[in-house]
Amino acid sequence: MDQLNQLSLEKQLEIASEKYPDILHEEHKEKEKKLPELKNVHGKVVMRLAPSPSGPLHLGHTRLCILNDEYTKRYGGELILRIEDTNPNNILPEAYEMIQEDCRWLGVNFTQYVVQSERIPFYYETARSLIKQGNAYMCSCKVEDFKRDLMNSTACPHRNISPEENLSIFESVIGNGPLQEHPVLVIKTDLHHPNPAVRDWIAFRVIEKPHPHTGRKYRFFPLMNFCVAADDHDLCLTHVIRGTDHINNTERQKYIFRYLGWKLPEYFHYGIIHIGDVILKTSLMKKGIISGEYTGWDDVRLATLRSLAARGYKPETFRKYWVDSGLNDVNADFSWEIFNSINRQYIDKTSDRYFFVSSPEKIKVDDAPETKALLNLYPNDDSRGFREYTVTKNPILYIPGQDMSEIENGDTIRLKGLYNIRKEDGIYRFAGTEVHGEKKKIIQWVSEDSIPFTIKKPDGDDDHGLLEKRATGKNGIIQLERYSFVNKVSDSTALFLHK
RNA sequence: GCUCCGAUGGUGUAGUCCGGCCAAGCAUAUCGGCCUUUCGAGCCGACGACCCGGGUCCGAAUCCCGGUCGGAGCACCA
């Protein structure tokens, strides 16, 4: 090989073309984008989705759902939907059901459903094992003191209490007896760990608020890192993929695996995709819904799955977008441009075309004969049917205010499917029916008896105008020509989808 | 500040592990052309990127060092 490499490039090519002609004629085939293979796959894989039930799923969650679903479908195996509801302060009771519905809508089929609040005794048992080993201790330091000790790598007074005493404190706390202070259970790691985030961390804390599922049965609730470690092992997870925001959590969780001699799943952390222009914080959405600012979880301004579905985004769009984005470990920005373009591919063929005139302006067309307008429901495809109108002579019509403002005296424009008009001295006149010839601006129009229509847009600004009459009674995703795709939900309203 | 991570066109990615099929592919956006009675779809074309500086090597987007920039985490949230 070294000898080969000494040769000039030409020489190498010469030899290569004689001996291995194939390798020089490799064409670039267009590949369907595919997720990389998982490491360490031995047969089936077990993966999980672990949302907290603070609200329904939103755009941000869909990435994790799709990625995990793609892998469990590829390799076969289990996809566990695990509801992380060990913080009673952060639960929307309806969310348990909503999350499952959202997954099904996305085409994500989880094969097991686990609710953490039903597994508290298991967490207690795991905690007891760690306490007995001396790897966990009960602590009642003040929050500030606890943090200060960690930063200074010093042990708090409780760190050296005997396992027996810790166990008895633990039992009394979970036994719902009287409490003077609010103790926590701490997992011992390494006070000198270079990363302060990994030093002794809190595994359980007292929350007196009743839990929507378990009421007052428990008050000593495990925190995320503890449940995740215990459950990932108990549920036999083989692979865990999640965002880089969990890297430190993974380090913390590994201590429990080590203490208990558990086999680690294969971890993969991907870069965080920042999604701009929308509200994704469930707490903010909830606040807005309670205050009445938003109409509900499917309000057009929110980026919940419900809202996006209501606007007309397809499940396939989410899947393709996230598969195309891959598992890059670099943080990136979400691209609405690309997302919308993908969705357009899925909806264009099935969307009928109609005219909507935004900010309508009235015009009268002089010298116009009575005319029949025949408009395709879908361009160039007569088999899809037509919208047919008889327009009276010298009619009153409405055109978009935006277009109206751009018409100069002397301009001829085409009313699509009808005829041409020319503006002279501020008056509109019939200007023939010739479609071709001189290049004209082509605009949509509606007649006087059209219906008032509102488009609700995600930015909160609604567009008002007139919708052509033949659209009456037909709901679903349609394209309003020269305006955008929308999901028509009634004869007076549609939700804005995208251009 | 501490720990860790990363850097490919306007945007999103492929390639980086195992240096040569990469004078860098795809998508999207933009611009032009064709088609079309939509600013949609389709077809064709153009534009446009390996963060900077060193090093190793016949050869570096790919390996090494330094710098710069960016990000994630540092909760009794998940």
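To find a chain, count down the sequence lines: A is the first, B the second, and so on, and within it residues start at 1. What you see is a predicted model; the values in this text were computed from it and never measured. What's counted below: heavy atoms across the whole structure, side chains too, no hydrogens, waters or symmetry copies.
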Just jot down the side chain to side chain contact (heavy atoms under 4.5 Å, CB included) partners of A:Ile442, sequence neighbours excluded, or say none. A:Arg414, A:Lys416
Can you name the residues that form a side chain to side chain contact (heavy atoms under 4.5 Å, CB included) with A:Ala368, not counting sequence neighbours? A:Val365, A:Asn394, A:Pro395, A:Tyr419, A:Phe430
If I pick the [atom1] atom on [M] and the same atom on [N], what distance separates them, to the nearest angstrom?
N	M	atom1	value
B:G6	B:U13	C1'	15 Å
B:A41	B:U28	C1'	16 Å
B:U56	B:C63	C1'	8 Å
B:G15	B:A7	P	12 Å
B:G19	B:A61	P	13 Å
B:U8	B:C50	C1'	5 Å
B:G10	B:C4	P	32 Å
B:G12	B:C51	P	14 Å

Give one of base, sugar-phosphate or nothing for [X], where a contact means two heavy atoms less than 4.0 Å apart.
X	value
A:Lys440	nothing
A:Asn89	nothing
A:Thr86	sugar-phosphate
A:Asp85	nothing
A:Val184	base
A:Gln479	base
A:Phe204	nothing
A:Gly417	base
A:Cys141	base

Check the phosphate of [N] against [X], side-chain N and O only, distance under 4.0 Å to OP1 or OP2. Yes or no?
X	N	result
A:Arg205	B:A75	no
A:Arg353	B:G40	no
A:Arg344	B:A29	yes

Between A:Glu266 and A:Asn40, is any side-chain donor less than 3.5 angstrom from a side-chain acceptor? yes
Would you tabulate the pairs of protein nitrogen or oxygen atoms and nucleotide nitrogen or oxygen atoms of nucleotides 9-12 of chain B closer than 3.5 angstrom?
from  : atom 1 : to       : atom 2 : distance (Å)
B:G10 : N2     : A:Glu337 : OE1    : 2.8
B:G12 : OP1    : A:Asp333 : N      : 3.1

Just checking, A:Arg119 and A:Tyr124: is the charged tip under 6.0 Å from the six-membered ring centre and within 45° of the axis?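 Judged by the rule (NZ or CZ under 6.0 Å from the ring centre, within 45° of its axis), A:Arg119 is not positioned above A:Tyr124.
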From the set B:U36, B:C74, B:C77, return the single nucleotide nearest to any side-chain atom of A:Asn380. B:U36
Check this for me: does any side-chain nitrogen of one of [X] and [Y] sit under 4.0 Å from a carboxylate oxygen of the other?
X	Y	value
A:Arg74	A:Glu37	yes
A:Arg199	A:Asp190	no
A:Asp145	A:Lys142	no
A:Asp381	A:Lys349	no

Whole-Å distance separating the [atom1] atom of [X] from the [atom2] atom of [N]:
X	N	atom1	atom2	value
A:Asp381	B:U36	CG	C1'	13 Å
A:Asp232	B:A78	CG	P	14 Å
A:Ile83	B:A78	CD1	P	14 Å
A:Lys147	B:G1	NZ	P	20 Å
A:His246	B:C77	NE2	P	15 Å
A:Leu280	B:C77	CG	C1'	17 Å
A:Lys441	B:U37	NZ	P	19 Å

Applying side chain to side chain contact (heavy atoms under 4.5 Å, CB included) between A:Leu466 and each of A:Pro360, A:Ser447, A:Ser358, A:Ser359, report the one that passes.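 The side chain to side chain contact (heavy atoms under 4.5 Å, CB included) with A:Leu466 is passed solely by A:Pro360 among A:Pro360, A:Ser447, A:Ser358, A:Ser359.
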Matching residue for A:Leu57 among A:Leu64, A:Asp102, A:Leu49 - test: side chain to side chain contact (heavy atoms under 4.5 Å, CB included): A:Asp102
State which residues pass ring pair (Phe, Tyr, Trp, His ring centres under 6.0 Å) with [X]; sequence neighbours excluded, sorted by chain then number.
X	result
A:Tyr270	none
A:Phe110	none
A:His61	A:His58
A:Phe339	A:Tyr313, A:Phe318, A:Tyr321, A:Phe334, A:Trp336

To the nearest 0.5 Å, tell me how far A:Ile256 CD1 sits from A:Thr189 OG1.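 Result: 10.5 Å between the selected atoms.
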Pairs meeting criterion salt bridge (charged side-chain N to carboxylate O under 4.0 Å, His left out) with involvement of residues 245-255 of chain A, two or more places apart: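 Only A:Glu251-A:Lys254 qualify under salt bridge (charged side-chain N to carboxylate O under 4.0 Å, His left out).
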What one should report as the nearest heavy-atom pair of A:Pro212 and A:Pro93 is CB-CG, 4.4 Å
Could you write out each protein N or O paired with an N or O of nucleotides 43-49 of chain B at a distance under 3.5 Å?
none

Nucleotide N/O to protein N/O under 3.5 Å, stretch nucleotides 2-5 of chain B:
from : atom 1 : to       : atom 2 : distance (Å)
B:C2 : O2'    : A:Pro194 : O      : 3.3
B:U3 : O2'    : A:Asn195 : ND2    : 3.4

Go nucleotide by nucleotide along RNA chain B from the 5' end; which of A:Lys142 and A:Arg63 gets its closest nucleotide reached first?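 Comparing both residues, the 5'-ward one is A:Arg63.
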RNA chain B: A:Phe485 or A:Phe146, which has the more 5' nearest nucleotide?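 Taking each residue's closest nucleotide, the earlier one in sequence belongs to A:Phe485.
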Treat a base pair as Watson-Crick or G-U wobble with both distances under 3.5 Å, then lay out RNA chain B in dot-bracket form, 5' to 3', with | for cross-strand pairs. (((((((..((((......[....)))).(((((.......)))))....(((((..]....))))))))))))....
Kindly state which residues belonging to residues 151-158 of chain A come within less than 4.0 angstrom of RNA chain B, counting heavy atoms of the residue only, listed by number. none
Kindly say whether the aromatic ring centers of A:His158 and A:Tyr137 come within a distance under 6.0 Å.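 Not close enough - the centres of the two rings lie 6.0 Å or further apart.
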Taking the ring centre of each residue, are A:Tyr267 and A:His239 less than 6.0 Å apart? no
